[in-house]
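As structure tokens, the structure follows; a few thoughts come after it.
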There are 2 protein chains.
Amino acid sequence: MPDLTRRQQREQTRQTLLRTGRRLFATRGYAGVGLAELVQAAGVTKGALYHHFDSKAALFHAVLAQVQQEVAGRVVAAAEAEGDPWTRFTAGCEAFLAASTDPEVQRIMLVDGPAVLGWAQWRALDEANSARHLTEALVALVESGVIAPQPVAPLTRLLSGAMNEAALWLATSTRPAEDMAETVAALTRMLGALRSR
Amino acid sequence: MPDLTRRQQREQTRQTLLRTGRRLFATRGYAGVGLAELVQAAGVTKGALYHHFDSKAALFHAVLAQVQQEVAGRVVAAAEAEGDPWTRFTAGCEAFLAASTDPEVQRIMLVDGPAVLGWAQWRALDEANSARHLTEALVALVESGVIAPQPVAPLTRLLSGAMNEAALWLATSTRPAEDMAETVAALTRMLGALRSR
DNA sequence: CCCTTTCGCATACCGTCGGTATGTGAAAGT
DNA sequence: ACTTTCACATACCGACGGTATGCGAAAGGG
């Protein structure tokens, strides 16, 4: 009787690589960490890495997907705690800003992501995990008559970009609480312009 | 009498490296182009490159600064053609979107820039060349009473991020004219919310 | 229970990359 | 005319991402 089945061992190694990759990519950036160092920190070898992932970029892709799903989870949780569409929407935006202020999240999701995977692939991941909820929220706002009927696709990109950049800026702020409050205020004000009269 | 003085020759080589770097970085990305290939395309050697720039990243930095100054030039020109602060502002935003839709500009300025130089340094360059004008325009709007008094720093980041992401999205659009129009419309509507009543 | 196959991973190695140390020849200074 | 400067070219290095191969234990079959 083996202490660990093969499936268990395999999954454990994979998770270790993901955790280690996430930690190192977040702290020193994708280009700043070599595979030799990464596998040593994970306690395995390059053979193990290439058994689980096709390339360094593929490992990064898996890490990025994991990070995005975590952020999306926090956003959805915050939104679902509210009742009406408008409050769900603003709560989700604020939760996204709060979650994305984490420096670990930023470097992987916002800085290195587009450059490593290319903008198109990064956008596809972002759409599948994060921007999808934003689009759904905007559609719900239009359908419930809270905001005026209008194309949601450009709105989604504008708001997504605005919040991404705002999160990066907030992370460097010397007065995070005030800047966060002012950012949410400005964002809410701008969103308010879309409301039906 | 020399055909070329040393200063002339030096500047010519430097410009050739900048042009070649810009072309290659734009088409295949920073990580996708090697220095050997770059210097061969420029008709020089690595010795020449490292005589003019401290590193590959330093060459990219110079290229990025040049690209940003061109974009900023177009934005300022469009803004200065208008009279009142509000129209200058919207004209500048539209000019930025139009200029940043160029794929050559995008990859260097919006995708690779933050990852190669780090967000902080990229932000400093952006602030010096591009976002500075945005801040000035917003301050002018507040001082002239067009929009309500409010902190401009978070507004600048929100709008800058929104336009950057919108430009990337527009570049992949299958109906660029319509999407551009809708984006400008949504942007203008959101900005309208900031107007004094 | 043994024998075979599978497979998760380690080892050894390769081409290429960014970066550097040194050489060189022509322009510039005196 | 002689020296110095300097804008490069050449040759080389360690480190990197990636691959080909070997190995040993778990899984499967009789």
Side-chain angles (χ1 to χ4, degrees), chain A residues 1-22 24-25 27-64 108 112-113 115-118 121, chain B residues 1-22 24-25 27-64 108 112-113 115-118 121:
Chain A
M1 182 177 178
D3 293 5
L4 282 172
T5 103
R6 276 226 275 228
R7 279 193 71 88
Q8 285 173 331
Q9 181 64 44
R10 176 184 173 87
E11 192 56 23
Q12 184 172 317
T13 301
R14 184 187 153 87
Q15 292 302 324
T16 301
L17 283 167
L18 280 175
R19 276 202 316 273
T20 308
R22 175 170 178 169
L24 294 181
F25 288 153
T27 53
R28 302 219 305 283
Y30 177 81
V33 43
L35 291 186
E37 172 195 10
L38 198 154
V39 294
Q40 187 177 359
V44 295
T45 64
K46 282 207 277 190
L49 198 159
Y50 279 93
H51 186 71
H52 287 274
F53 302 97
D54 286 342
S55 65
K56 184 186 180 187
L59 171 62
F60 180 83
H61 184 281
V63 170
L64 172 55
I108 293 174
D112 283 342
V116 172
L117 304 179
Q121 198 175 349
Chain B
M1 180 180 177
D3 292 6
L4 284 172
T5 90
R6 277 227 275 231
R7 281 192 70 88
Q8 285 173 330
Q9 180 65 43
R10 176 183 174 85
E11 192 56 23
Q12 184 173 317
T13 300
R14 185 187 153 85
Q15 292 303 326
T16 300
L17 283 167
L18 280 175
R19 276 202 316 272
T20 308
R22 175 169 177 169
L24 294 180
F25 288 153
T27 54
R28 302 219 307 281
Y30 178 80
V33 43
L35 291 186
E37 171 195 10
L38 198 155
V39 295
Q40 186 178 358
V44 296
T45 65
K46 283 208 277 191
L49 199 160
Y50 278 92
H51 185 71
H52 287 274
F53 303 96
D54 287 342
S55 65
K56 185 187 179 185
L59 169 62
F60 180 83
H61 184 282
V63 169
L64 171 55
I108 294 175
D112 283 342
V116 172
L117 303 179
Q121 198 176 348

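Throughout, a chain's letter reflects where its sequence line sits, starting with A, and its residues are numbered from 1. What's counted below: heavy atoms across the whole structure, side chains too, no hydrogens, waters or symmetry copies. Keep in mind that what you see is a predicted model, and the values were worked out from it rather than measured.
Interface residues of residues 33-41 of chain A facing DNA chain D, ordered by number: A:V33, A:G34, A:L35; criterion, heavy-atom separation under 4.0 Å.
If you measure from atom NZ of B:K56 to atom P of C:dT20, you get 14 Å, rounded to the nearest angstrom. The nearest whole Å value for the distance from the CG atom in A:L59 to the C1' atom in D:dG17 is 13 Å. One interatomic measurement links the two molecules: CZ of B:F53 to P of C:dG18, which rounds to 15 Å at whole-angstrom precision.
Remark: side-chain polar atoms of B:Y30 are paired, donor with acceptor, to backbone N or O of B:A57 under 3.5 angstrom. Of the possible donor and acceptor atoms, none in the side chain of A:Q121 sits under 3.5 Å from a partner among the backbone N and O of A:G118.
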Heavy-atom protein contacts under 4.0 Å, nucleotides 3-14 of chain D, coded B base, S sugar-phosphate only, - none: --BBBBBB----

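Rounded to the nearest 0.5 angstrom, B:L59 CG and B:D54 CG are separated by 11.0 Å. With values rounded to the nearest 0.5 angstrom, B:L18 atom CG is found 4.0 Å from B:F53 atom CZ. Rounding to the nearest 0.5 angstrom, the gap separating the CG atom in A:L64 from the CZ atom in A:R22 is 10.5 Å.
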Chi angles and distances behind the side-chain contact (heavy atoms from CB on, under 4.5 Å) call for B:E11, B:R14: CA-CA 5 Å; B:E11 192 56 23; B:R14 185 187 153 85; 4.0 Å; yes

Under 3.5 Å, which donor-acceptor pairs link side chains of residues 42-52 of chain B to any protein atom two or more places apart or in another chain?
unit_1	atom_1	unit_2	atom_2	d
B:T45	OG1	B:G47	N	3.4
B:H51	NE2	B:R10	NH1	3.3

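Heavy-atom neighbours of A:E37 CD from other residues, nucleotides or ligands within 6.0 Å: above the threshold of 12.
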